[in-house]
2 protein chains.
Amino acid sequence: MRLSKKERQKKLTQALEEDPFLTDEQMARLCQVSIQTIRLDRMELGIPELRERMKHMAEKNFDRVRSLSPKEIIGEVVDLQLDHSGISILEITEEHVFERNGIARGHYIFAQANSLAIGLVDSEIALTANAQIRFVRPVYLSEKCVAYAKVLDNENSSRTKIEVKIKVNNELVFHGIFDVYRALETRVAKEES
Amino acid sequence: MRLSKKERQKKLTQALEEDPFLTDEQMARLCQVSIQTIRLDRMELGIPELRERMKHMAEKNFDRVRSLSPKEIIGEVVDLQLDHSGISILEITEEHVFERNGIARGHYIFAQANSLAIGLVDSEIALTANAQIRFVRPVYLSEKCVAYAKVLDNENSSRTKIEVKIKVNNELVFHGIFDVYRALETRVAKEES
DNA sequence: TCTTAATTAGTACTTGGTACTAAAATGTGG
DNA sequence: CCACATTTTAGTACCAAGTACTAATTAAGA
């Protein structure tokens with residue numbers, strides 16, 4: 001016996017982390033043990049079979065694609081009154097935070113606010129022109145950000161001023177004023193294809 | 001026969017688009033035909049079997065996770081002098097733009113600027129506190145954004161003021177002043193687990 | 001009606017496993 | 001060194017979701 005059971009199992013988890021697409025056979029060869037041993041190991045470690053692992057990853061991917069494909073807006077819009085106000089919710093997950101400290105990267109918070117602001121504007125094209133933003137306090141992993149957007153000023157024909165506040169448990173974490181430019185003509189400047 | 005071959009195949013592709021995890025059996029039931037017919041259809045349409053599809057999606061997911069995991073910084077940093085200046089490049093791809101008009105979503109531009117600003121700060125924790133930003137002109141698909149960041153003011157012990165300009169072909173498209181808060185202690189506030 | 005296209009049936013075989021039983025090999029304590 | 005426990009192998013039956021192939025049956029077009 002080369003490695004002890006423990007060492008082997010550690011090796012296995014590591015190997016799988018690096019390449020989750022290993023079959024039992026490959027793992028057996030890797031560890032120089034029989035396939036049955038590997039299966040016992042997987043049992044003990046609670047690691048599902050290759051197919052289940054793939055299925056899992058595929059589903060995760062699918063879910064993500066789904067939720068991202070209407071990602072014109074980041075965060076789930078729960079209320080929207082065009083040209084007036086709107087609310088969206090974004091739960092901070094692993095992908096949003098710095099690994100180091102579990103604090104959400106500012107641009108995700110900004111993205112939630114920005115896309116809600118854009119979504120509020122009832123126009124063919126709506127683009128952020130200016131913004132003044134303040135990150136009041138850090139947002140942590142698994143906190144639920146609720147963004148409230150309100151149109152402040154709609155007088156100017158081509159500009160809309162929108163205020164966005166983001167709160168976690170009713171505590172303000174972000175404040176922004178967005179100046180959104182809007183246009184009707186859909187003139188797309190694309191050279192290629 | 002209910003549907004013609006063509007109609008059925010169209011139905012199949014649609015169904016799979018909605019739920020790519022359908023087995024041949026489920027599809028057969030869905031279309032009220034035998035499993036063999038479904039298999040012939042898949043052949044003709046060049047649709048691989050469920051397992052292959054899952055594998056594909058899983059791999060895509062894995063790749064994405066890999067390539068996204070060092071996404072602490074959005075855009076490729078080509079030059080960086082801590083606490084002084086830095087340059088990063090971001091090429092606008094499909095995923096960054098509005099489908100409708102091929103214009104980059106503002107928060108990606110912001111993200112490039114923001115993460116470069118954060119990256120400039122030589123500190124355990126660096127968080128954006130405030131920012132004033134201006135989107136000078138829209139950025140289009142496949143344009144290459146070059147972000148230039150410069151520390152303006154480092155006097156204050158806990159705050160750093162950074163100016164970021166983003167240019168496309170030397171034309172200014174974005175301007176921002178970031179107020180970055182920095183701290184040394186790595187105190188992570190996580191309640192759970 | 002004849003013939004071609006489409007559909008169904010059925011069998012053998014494949015992957016990457018599970019579930020289970022049983023036999024070896026290896027440790028370990030007394 | 002023996003006995004018992006732990007660990008590792010071996011081997012079988014079985015499963016899902018297929019492929020690959022042959023052959024029969026049904027529908028449809030001209």
Side-chain angles (χ1 to χ4, degrees), chain A residues 1-69 94-95, chain B residues 1-69:
Chain A
M1 204 188 3
R2 305 209 94 80
L3 300 90
S4 76
K5 197 175 171 179
K6 268 197 179 167
E7 286 176 309
R8 187 181 30 166
Q9 295 192 344
K10 209 163 76 187
K11 188 174 173 180
L12 275 183
T13 16
Q14 282 177 347
L16 279 174
E17 206 151 315
E18 235 181 83
D19 178 6
F21 299 99
L22 292 170
T23 64
D24 288 359
E25 210 185 337
Q26 290 175 306
M27 292 190 269
R29 251 178 290 139
L30 187 75
C31 296
Q32 303 270 52
V33 292
S34 75
I35 213 167
Q36 278 81 355
T37 304
I38 296 296
R39 285 172 181 166
L40 288 172
D41 284 346
R42 270 202 299 105
M43 288 264 166
E44 283 183 40
L45 297 170
I47 297 170
E49 60 168 302
L50 170 60
R51 280 159 181 168
E52 288 302 310
R53 293 189 318 259
M54 289 200 308
K55 193 178 171 187
H56 222 99
M57 296 180 69
E59 272 165 352
K60 234 173 49 186
N61 184 36
F62 186 58
D63 290 350
R64 179 134 38 121
V65 167
R66 294 232 112 175
S67 66
L68 248 61
S69 102
E94 299 277 350
E95 65 180 321
Chain B
M1 203 188 1
R2 303 210 95 80
L3 299 92
S4 75
K5 196 173 169 181
K6 266 196 179 168
E7 285 176 310
R8 190 189 49 228
Q9 295 193 344
K10 209 162 77 188
K11 188 175 173 178
L12 276 182
T13 15
Q14 281 177 349
L16 279 174
E17 206 152 314
E18 234 181 83
D19 178 7
F21 299 100
L22 292 170
T23 64
D24 288 359
E25 210 184 337
Q26 291 175 307
M27 292 190 268
R29 252 179 289 140
L30 187 75
C31 295
Q32 304 269 53
V33 292
S34 75
I35 214 168
Q36 278 81 356
T37 304
I38 296 295
R39 284 173 183 166
L40 288 173
D41 283 347
R42 271 204 298 103
M43 287 266 166
E44 281 184 42
L45 296 170
I47 297 169
E49 60 168 303
L50 170 59
R51 281 158 181 171
E52 287 303 309
R53 295 193 311 264
M54 289 199 309
K55 193 177 170 189
H56 222 101
M57 295 179 68
E59 273 167 350
K60 234 171 51 186
N61 185 35
F62 187 58
D63 289 351
R64 180 135 39 122
V65 168
R66 296 232 112 175
S67 67
L68 249 62
S69 99

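Only a predicted model underlies this, so the values are computations on that prediction, with no experimental measurement involved. Within every chain, numbering begins at 1; the chains are lettered A, B, ... in the order of the sequence lines, protein sequences first and strands thereafter.
- We find that CD of A/Glu52 is positioned 10 Å from P of C/dG17, with the value rounded to whole Å.
- When distances run from any side-chain atom of B/Val33 to the nucleotides C/dT8, D/dG18, D/dT9, the shortest one goes to C/dT8.
- Residue pairs meeting the ring pair (Phe, Tyr, Trp, His ring centres under 6.0 Å) criterion with at least one member in residues 33-55 of chain A: none, sequence neighbours excluded.
- Taking A/Glu25 as the reference, A/Thr23, A/Arg29, A/Ile35 meet the side-chain contact (heavy atoms from CB on, under 4.5 Å) condition, with sequence neighbours excluded.
- Taking atom CE of residue A/Met54 and atom P of nucleotide C/dG17, one finds them 9 Å apart after rounding to whole Å.
- Atom P of nucleotide C/dT18 and atom CZ of A/Arg53 are separated by 9 Å, given to the nearest angstrom.
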Provide a list of protein-nucleic acid N or O atom pairs under 3.5 angstrom, restricted to nucleotides 13-16 of chain D.
{"unit_1": "D/dA16", "atom_1": "N3", "unit_2": "B/Arg51", "atom_2": "NH2", "d": "2.8"}

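- B/Glu7 has its CD atom 16 Å from the C1' atom of D/dA27, to the nearest Å.
- The side chain of A/Lys5 approaches D/dT7 more closely than any other nucleotide in the set D/dT7, C/dA6, D/dG18.
- Atom OG of A/Ser4 sits about 8.5 Å away from atom CD of A/Gln9, to the nearest 0.5 Å.
- One atom, CD of A/Gln32, and another, P of C/dA25, lie 18 Å apart when rounded to the nearest Å.
- Considering only residues two or more places apart in sequence or on other chains, A/Gln14 meets the side-chain hydrogen bond (donor to acceptor under 3.5 Å, both in side chains) condition with none of them.
- A salt bridge (charged side-chain N to carboxylate O under 4.0 Å, His left out) with A/Glu44 holds for exactly one of A/Lys6, A/Arg8, A/Lys5; it is A/Lys5.
- Side chain of B/Arg8, nearest nucleotide from D/dG18, C/dT7, C/dG17: C/dT7.
- Qualifying side-chain contact (heavy atoms from CB on, under 4.5 Å) partners for A/Arg42, counting only residues two or more places apart in sequence or in other chains: A/Asp24, A/Met27, A/Arg39, A/Ile47, A/Glu49, A/Arg53.
- In terms of the side-chain contact (heavy atoms from CB on, under 4.5 Å) criterion, A/Lys10 has no residue partners (sequence neighbours excluded).
- Under the rule for a side-chain hydrogen bond (donor to acceptor under 3.5 Å, both in side chains), A/Thr13 has no partner lying at least two apart in sequence or in another chain.
- For A/Leu40, there are no side-chain contact (heavy atoms from CB on, under 4.5 Å) partners, not counting sequence neighbours.
- The separation between B/Lys55 atom NZ and C/dG17 atom P is 12 Å, rounded to whole Å.
- Only A/Ser34, A/Gln36, A/Thr37, A/Leu40, listed by number, bring a heavy atom of residues 34-47 of chain A to less than 4.0 angstrom from any atom of DNA chain D.
- In this structure, B/Asp24 places its CG atom 6 Å from P of D/dT19, rounding to the nearest Å.
- Straight-line distance from the CD atom of A/Glu49 to the P atom of C/dT18: 5 Å, rounded to whole Å.
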